[in-house]
Amino acid sequence: MSINADTVKHVANLARLNISDDEVESHTNQLSQILGLMDQLNSLPTDNVEPMTHAVDMLMPAREDVVVNGDSREILLNCAPDSEDGHFRVPKIIE
Amino acid sequence: MLSDPTTLTLAKLSELLKKRQISSEDLVNTFLEKIESQNPNINAYITVDKAGAIKAAKDADARLDAKQGEALTGIPIGVKDLFCTKGLLTTCASKILHNFIPPYESTVTSRLKAAGAVVLGKTNMDEFAMGSSNETSHFGVVKNPWDHSRIPGGSSGGSAAAVSASLCSATIGTDTGGSIRQPAALTGITGFKPTYGRVSRFGMIAFASSLDQAGPMTKTAQDSALMLQTMAGHDAKDATSINAPVPDYMASLNDGLKGRKIGIPAEYFASGLSQDVATVIEEAKKQFTDLGAELVPVSLPTTKHAIPTYYILAPAEASSNLARYDGVRFGYRCEDPQDIKDLYFRTRAEGFGSEVKRRIMLGTYVLSSGYYDAYYLKAQKVRRLIADDFKAAFAKVDLLLAPTTPDTAFKLGAKTDDPVQMYLSDIFTINVNLAGLPAISIPCGFDKTNLPIGLQLIGRPLDESGILSAAHAYQQATDWHTRSPIL
Amino acid sequence: MPIDPNYETVIGLEVHSQLRTKSKIFCGCPNKYGSDANTQICHVCAGFPGVLPVMNREMVNMAIKTGLAINGQIRKLSVFSRKNYFYPDSPTGYQISQYDLPIVEHGELFIDLPDEPKKRIGVTRIHMEVDAGKSIHEGIVGASWVDLNRVGTPLLEIVSEPDMRCSEDAGAYLKKLRAIVRFLDVCDGNMEEGSFRCDANVSVRRYGAEKFGTRAELKNLNSIRNVMRAIDFEVDRQIDLIESGEEVVQETRLWDANKNISRSMRSKEDAHDYRYFPEPDLPPLTIEQSQIDALNATLPELPDAMAQRFQDEMGLSEYDAGVLTACREMSTYFEEANQVVSEAGKKNAKATANWVTGELLGRLNKEGLEIDSSPVSAQNLGKLVALIQTGEISGKIAKKVFTHMFDDGGDPQTIVAEKGLKQVTDSSSITAEVEKVLEAHPDQVEQYRGGKTQILGFLVGKVMQATRGKANPAMVNTVLKEKLG
Ligand SMILES: [Mg+2]
Ligand SMILES: [Zn+2]
């Protein structure tokens, strides 16, 4: 499977990564190479194989519905690059 | 005060601490001095927490004086910089977290601290644990203490180098595709990846959630047993944590190898293995037989599919796990973003290094519309086949023995421009993660240029005891693990 | 209501229902509405590095109960997936949701329309997911703010089959679904506050066409009224497009309730590609039959069952029973009022029902009030009906009393006493009034005796007029007949 520059740009957009023209080229080459490695899987028949989503078979544990966390607004906002009046502050979002 | 306590095993230091023949504070100061002089050459630490370590050492001494010490009380350790440590910089070796001070503590480090272990600092690693050579760190490459022109392995390269160079007594690393075992092998130490779910992932910055597992990196199997005893166990904060009792690893450590059936997977000895590694592993196999084990040939036919399977699944999960680094709530934010789109695109492009970006791209691609079935779903199915291979082998044998890596440490920069070659260096470690199994790497010899070689023992799910006792038996009969690099 | 007889409308609804758990779905933060920004967040819901989700048991129970209430199949094994998209109010960059294996499938509910009772609407699926936070744009110069309080609120997404054919269907479906979640006490059903949100998928096709038309997704519908209006607007818009030879494009449209129009949300630059994959941090969710059985045993009486009981045991009409079980507040009101009537020794559920659905709802409607803010309490309405049943006041007087109760408050007995409205049941005073009337109308008496018995009504009316409505009409009748021989 090879991959072209448009696909690389599309993927970079989905992944929210700015990408220069040089990078488009290097990503195109490298991803094509890596994807080439993956094509070998096609030789393996897997029609009736159950996909494995977790490393170990286990069941979902659940917690009781109790409130345990207090208010950590100031502590978390302290980590933020920008905050204002109790909010995380970001550049204007245009809908 | 002993001449150089830093080269002693954790078990030995623990004994000396308990007997009060040494104080934790003195020990910590000795390590700190050594870090100060040696770390600039090796770059094993990103952050050294001098004040925190000395305070913790004093607390440990008080506890030891009161005869309330445990095995780890007062032991100076290093922590891979992807475990969140409350109040202490945690970067994951990435620019995007260059200023992140977590307001919470990972379960593993909180257990170690509660047992009295003293955190000296945060060890270097490949950025977001993505790499096999520790060359992708935003904070610079880590050098192999055995040869400063060579890589220490990755991604827990800083942790491995720190133990190898005796810049701490033990460290914790994480292993997603070999990131504990491979650097352990390349730096001549013991590195143990437990069963997936044995050790809590809470507070461990995620790379690939269904593969990541934390484990100890130490001088000996016995030291790993002591570390794991405290690290392991169910954690209600991690839904994938196994809810099963943790056995007493020290109690079974001397169980020996008599009568144990050890499988030798043919595929691990096929072409690609370097001559020196092949020779050394042959020697080790003989040693295991001498110790009473029965070697049985087995086959894991899907071995060759592990790399492509892994490089679909791990980047896919990573692409999603790394979406939270957006410059909104923590970490790096690009200068003067024009709008929200600019904030995202530039923060991420500037904050992530090239290997991380490559994997995000790859992971995004294999999950994207039209490719999911061909790549992601296919890889999940092959993952099942790989796990089934191991299951079949473990119906016949108790353990598997294999080389940890096909070759010894390569030169810095040798593979940085060739991701595929880089990825292939994990060929012997990756399937273990895909199957969720426990495995250890222990030193078993050296190549002609005096670079360490590692041997891998893979066990059944939750059979950490069996692996540790086998490794311990080997280390009782050999002295490879006692060799240290000359600094 | 068919807008153009040549076209058929096809509507499917997606409802997001916020569950009333105490804590959030994956962390221990409180799940409540209206706190100061970011005061109920922790490192887990705020998506900090290294944190992990742990499932809230009660959410699963609520999802199962809702599934049982709509006759859905509860999956014994369901799976959480990640839906990946970037937005500042989604801190992890993905929403934990269910995708191909939701907890409930193949449900149904029945809507009551005046001309089509018990119309079946299929419910394709119900799945569990987390809510996002809020971005705030207005009034902030050069920036937006992010409030993560709502992140991690447990949501049920309830997806209907495209079984609805007009806005009335959609309104009735939402009312019934809202009644169910309220009866179950899993959601407060408040559309204005956003705890019960609806998106509508609307398309039109020519009658007889097999394929569905291209659909538009309508959003920002914060009341049932707005849902219905937006659908009507959209149907008109799509038919106009088709009639003028243009094409309907698949898009998301936002309803503007002030202008009564919808506008297209600029289609996102990148087509949605959510890259769903199984959530590796959460093992599959398995549910035992015993858990389902236990929850089934705790289900309260639901609207349809209650309506049936009202018909079977109280003799109410199907329509009245439907109206009285439209929401929990309504049925509670009715049952409380009816209890008062019964306690007065005069069982008459039909009379109570008539008063609730007629006089009370009529007046509430006029004033734009909901049943739970009725100025007349269920107790007082019950007392009023009891006064009629015991013959203390006539129905006509009762309407006057009701008006006083609604406008000025107070209980009916006091009002009757204070205003002197008590019905005259004293036979001697009625006899006296009857005699006066007979004396004053000799011609009519003559006619009655001559066989024109229908003249009796006129005479009764005269007696009632003379007593200003207070005489007991039944007694007036008896006495008159007696005197007329
Ligand atoms: Mg949804
Ligand atoms: Zn929270």
Side-chain angles (χ1 to χ4, degrees), chain A residues 1 3 7-8 10-20 23 26-28 30-31 33-63 72 74-83 88-94, chain B residues 100-101 103 195-197 210-211 236 239-240 242-243 302 304-305 307-309 311-312 319 326-333 337-340 342-346 348-349 352 357-358 360-362 364-365 368 374-375 377-385 387 419-420 423 433-436 461:
Chain A
M1 174 71 73
I3 185 169
T7 309
V8 166
H10 168 68
V11 171
N13 186 48
L14 281 178
R16 300 294 186 272
L17 289 169
N18 251 0
I19 182 166
S20 69
E23 285 171 312
S26 66
H27 274 299
T28 306
Q30 287 176 342
L31 289 182
Q33 234 191 322
I34 297 164
L35 291 168
L37 195 68
M38 290 164 187
D39 288 338
Q40 73 168 79
L41 294 186
N42 295 330
S43 66
L44 208 58
T46 52
D47 281 355
N48 297 314
V49 180
E50 180 73 13
M52 183 168 164
T53 56
H54 293 80
V56 174
D57 282 336
M58 56 169 85
L59 305 180
M60 174 92 85
R63 62 179 183 84
S72 36
E74 299 319 316
I75 294 165
L76 296 179
L77 284 179
N78 254 338
C79 299
D82 197 4
S83 66
F88 297 96
R89 191 174 189 270
V90 295
K92 198 94 189 160
I93 301 165
I94 302 139
Chain B
F100 178 57
I101 297 174
T195 311
Y196 179 89
S210 81
L211 299 159
T240 62
I242 292 172
N243 196 350
T302 54
K304 62 173 178 291
H305 299 300
I307 297 266
T309 301
Y311 280 97
I312 292 169
S319 71
D326 56 9
V328 175
R329 285 148 296 122
F330 46 78
Y332 177 76
R333 173 183 285 196
Q338 296 307 296
D339 54 32
I340 194 75
D342 192 37
L343 171 72
Y344 284 158
F345 279 79
R346 271 204 298 130
R348 292 167 59 78
F352 291 132
K357 282 190 264 190
R358 182 153 46 238
I360 291 175
M361 292 286 290
L362 183 56
T364 304
Y365 176 76
S368 68
Y375 289 113
L377 189 64
K378 180 79 185 181
Q380 281 190 324
K381 290 178 167 195
V382 178
R383 182 177 187 179
R384 171 83 57 197
L385 296 177
V420 169
Y423 296 169
N433 299 80
L434 290 168

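Note on naming: letters A, B, ... go to the chains in the order of the sequence lines (proteins, then strands), and numbering restarts at 1 for each one. What you see is a predicted model, and the numbers here were worked out from it, not measured in a lab.
Side-chain contact between V56(A) and T240(B): absent, with no pair of heavy atoms (C-beta onward) separated by less than 4.5 Å. In this structure, L35(A) and L362(B) have side chains that are in contact, with non-hydrogen atoms separated by less than 4.5 Å. Counting heavy atoms from C-beta on, the side chains of N13(A) and F345(B) come closer than 4.5 Å. M361(B) is not listed as a side-chain neighbour of Q30(A), based on a closest heavy-atom distance of 4.5 Å or more. With a 4.5 Å cut-off on side-chain heavy atoms, S43(A) and H305(B) count as touching.
Contact of A435(B) with chain A is made through the backbone alone, with heavy-atom distances under 4.5 Å. The contact between V328(B) and chain A is made by backbone and side chain atoms together, counting heavy-atom distances below 4.5 Å. For P419(B), the part sitting under 4.5 Å from any heavy atom of chain A is the side chain, from C-beta outward, and nothing else.
When each of M58(A), H54(A), E23(A) is scored by its heavy-atom pairs under 4.5 Å with chain B, the top score falls to M58(A). Counting heavy-atom pairs under 4.5 Å between each of L44(A), L37(A), N42(A) and chain B puts L44(A) at the top. Ranked by heavy-atom pairs shorter than 4.5 Å toward chain A, the options K381(B), R346(B), R358(B), K304(B) are led by K381(B). In terms of heavy-atom pairs under 4.5 Å with chain A, the best-connected choice from L211(B), T364(B), L434(B) is T364(B).
Atom CG of L377(B) sits about 7.5 Å away from atom OG1 of T46(A), to the nearest 0.5 Å. Distance CG/L76(A) to CZ/R329(B): 10.0 Å, rounded to 0.5 Å. For the atom pair I307(B) CD1 and L41(A) CG, the distance stands at 11.5 Å (nearest 0.5 Å). For the atom pair CG of L343(B) and CZ of R16(A), the computed distance is 11.5 Å after rounding to the nearest 0.5 Å.
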Check the pair I312(B), M38(A) against side-chain contact (heavy atoms from CB on, under 4.5 Å), reporting the backbone distance first and the verdict last. CA-CA 8 Å; I312(B) 292 169; M38(A) 290 164 187; 3.4 Å; yes
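The side-chain hydrogen bond (donor to acceptor under 3.5 Å, both in side chains) search around E74(A) returns none, not counting sequence neighbours. Applying the side-chain hydrogen bond (donor to acceptor under 3.5 Å, both in side chains) rule to S368(B) yields no partners; only residues at least two apart in sequence or on another chain are considered.
Scanning both residues, T53(A) and S210(B), for their nearest heavy atoms gives O-CB, 3.9 Å.
A distance-only check finds no donor-acceptor pair linking the side chain of R333(B) to the backbone of P81(A) [under 3.5 Å]. Judged by distance alone, with hydrogens and angles left aside, the side-chain atoms of K357(B) form no donor-acceptor pair with the main-chain N or O of H27(A) at under 3.5 Å.
Within a 6.0 Å radius of CG in D342(B), other residues, nucleotides and ligands contribute more than 12 heavy atoms.
No option in L31(A), I3(A), I34(A) other than I3(A) meets the side chain to side chain contact (heavy atoms under 4.5 Å, CB included) test with Y365(B).
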